[in-house]
Amino acid sequence: MLKRILIFLLGILFSLTVHAKDPEFYRLRIAGNRWEIVNRESFFEGRVTRSIFNQLDSIYKDNPLSYELIYSPKPQSLKVYAQCSFDFYSIRDNQIIKDYKYANRGYTCGSLLFERNNKYHILGGLGLWNSHSDLMQFDSLKGSWEFQFIQNQPLDYFPLGMYQNSKGIIALFGNYKNPRIPKIEKENAGYFVDLEKKAWVPLKIEVDEFEISDLIEPNLSYFYETQDYSFFVSKTEKAAFGWIVWILFEKETGKIYLFEGTKDDHIFISPIHEFIGNKINYIKYLNGDYADGEEVQIDLDEVKKNSREIGKIVLLEPTTPTKKSSTSSFLPWLGLVLLPLGF
């Protein structure tokens with residue numbers, strides 16, 4: 001009898017151990033009309049099939065967009081966000097169902113889509129005439145995105161990289177841009193968006209060897225978020241760094257690591273980026289031929305093993321609340337029906 005009980009308890013312990021290792025982070029970015037090069041039938045471990053992309057392409061055939069998919073394991077929900085629009089969908093029984101009930105467009109290119117406490121949000125966005133860091137939450141009952149007031153929000157700011165940890169959102173580098181003034185300024189560090197205190201807090205990046213902001217090149221520097229890391233890849237064209245640099249930002253600790261192994265920048269032009277746990281799957285084009293490629297994977301846990309710690313992110317004291325500009329008074333419009341906006 002005791003032997004059976006022991007076997008039963010060991011079985012439960014094994015089950016819990018295996019379950020604890022299941023990934024908690026699933027993201028998929030797809031470039032419309034370019035995903036067909038990918039030679040597999042499903043993504044997210046079989047949860048999303050190619051027919052989903054065909055459905056999306058048929059909706060946006062006149063203006064192909066990039067799509068971002070998010071799978072949340074606890075509620076087991078699949079969502080799709082169409083970049084440069086507010087369109088938001090659920091996936092059920094291999095069909096897309098539109099949750100967003102309106103037709104507004106613009107100022108949302110590059111938004112960070114994330115789920116927190118079973119609610120979906122987008123942060124920041126770009127348009128031809130506007131850069132912003134607005135936080136919006138999806139109201140499933142109204143079928144609309146609702147503006148969330150966060151004090152000390154920097155105006156005209158759009159980060160280069162954003163990621164979520166247990167306390168809030170880290171927004172790194174980027175620019176302040178407003179062509180109406182005109183205004184173009186570079187942000188050399190970033191902010192922490194404290195979602196508990198509802199406040200933007202400035203931060204600094206402590207690295208003794210060099211300034212990470214000096215490694216940023218327009219259209220040649222990108223961030224990729226996984227479960228535990230934000231992965232920064234930059235084609236610096238600086239010989240001291242081997243022309244290409246890989247840097248890991250550990251999301252919970254703020255520690256920064258420099259990878260010192262062999263690296264490339266093929267991830268930049270991939271038509272897909274699939275993030276499961278700390279693994280990134282993407283397409284490496286062969287011989288410069290955009291019609292021929294192979295799928296490769298980066299495991300950031302392995303990248304960290306071959307990296308050395310070089311610094312950390314430090315939060316600073318909150319600044320005086322930023323006075324709202326005249327344009328910001330129109331931000332609550334997202335919960336209303338508006339005429340479509342251009343971008």
Side-chain angles (χ1 to χ4, degrees), residues 31 63-66 68 81-87 103-113 121-136 145 147-163 169-193 199-205 210-223 230 232-238 268 316-336 338-343:
N63 185 23
L65 300 177
S66 295
E68 184 150 358
Y81 175 63
Q83 288 283 347
C84 301
S85 77
F86 294 105
D87 291 351
N104 296 311
R105 293 288 185 272
Y107 304 134
T108 59
C109 296
S111 297
L112 171 69
L113 171 68
H121 306 77
I122 52 177
L123 178 66
L126 292 172
L128 289 178
W129 294 99
N130 193 17
S131 297
H132 68 86
S133 52
D134 298 339
L135 175 66
M136 290 166 272
W145 292 100
F147 174 72
Q148 305 294 299
F149 174 72
I150 306 290
Q151 63 180 342
N152 302 337
Q153 177 182 335
L155 299 179
D156 306 320
Y157 172 62
F158 180 74
L160 175 65
M162 295 177 278
Y163 62 84
I169 303 294
I170 298 292
L172 296 173
F173 307 113
N175 294 286
Y176 304 86
K177 183 178 179 181
N178 187 337
R180 297 178 179 88
I181 299 177
K183 173 185 179 183
I184 299 180
E185 297 175 6
K186 182 178 179 181
E187 170 58 50
N188 292 320
Y191 297 86
F192 169 62
V193 186
W200 284 74
V201 180
L203 59 79
K204 67 176 180 178
I205 298 174
F210 52 84
E211 292 289 340
I212 295 182
S213 60
D214 291 342
L215 305 180
I216 295 174
E217 297 291 339
N219 303 314
L220 294 174
S221 302
Y222 297 92
F223 279 89
S230 183
F232 174 65
V233 180
S234 183
K235 192 171 183 179
T236 66
E237 300 187 357
K238 295 179 173 63
F268 285 171
L316 302 176
E317 291 297 322
T319 56
T320 303
T322 303
K323 183 179 180 181
K324 287 182 175 289
S325 68
S326 58
T327 57
S328 66
S329 62
F330 294 95
L331 293 175
W333 46 271
L334 291 168
L336 305 175
L338 290 182
L339 293 175
L341 297 175
F343 63 92

Might you point out which heavy atoms bring [X] and [Y] nearest each other, and give the distance in Å?
X	Y	answer
Ile216	Ser221	CA-OG, 3.4 Å
Arg180	Trp129	NH1-O, 2.6 Å
Leu123	Met162	O-CE, 3.5 Å
Phe158	Gly110	CZ-O, 3.4 Å
Asn188	Phe173	O-CE2, 3.4 Å

Would you find a donor on one side and an acceptor on the other, under 3.5 Å apart, between the side chain of [X] and the backbone of [Y]?
X	Y	answer
Thr108	Ser85	yes
Ser111	Ile122	no
Lys183	Asp156	no
Ser133	Pro154	yes
Gln83	Cys109	no
His132	Tyr107	yes
Glu187	Leu172	no

*asked:* Would you call the rings of Trp200 and Tyr157 parallel, tilted or perpendicular, taking 30° and 60° as the class edges?
replied: perpendicular
_Aromatic ring pairing Tyr176/Tyr191, orientation class (parallel under 30°, perpendicular over 60°, tilted between)_ = perpendicular
*Roughly how far apart are Leu112 CG and Phe223 CZ, rounded to 0.5 Å?*
12.5 Å
_Measuring from atom OG of Ser234 to atom CZ of Phe268, what distance do you get when rounded to the nearest 0.5 angstrom?_
6.0 Å
_CG (Asn219) with more than 12 external heavy atoms under 6.0 Å_ = no
_Tell me whether the count of non-hydrogen atoms from other residues, nucleotides or ligands lying under 6.0 Å of NZ in Lys204 goes above 12._
no
*Under the side-chain contact (heavy atoms from CB on, under 4.5 Å) rule, what do Gln153 and Asp134 come out as? Steps first, then yes or no, please.*
CA-CA 8 Å; Gln153 177 182 335; Asp134 298 339; 2.7 Å; yes
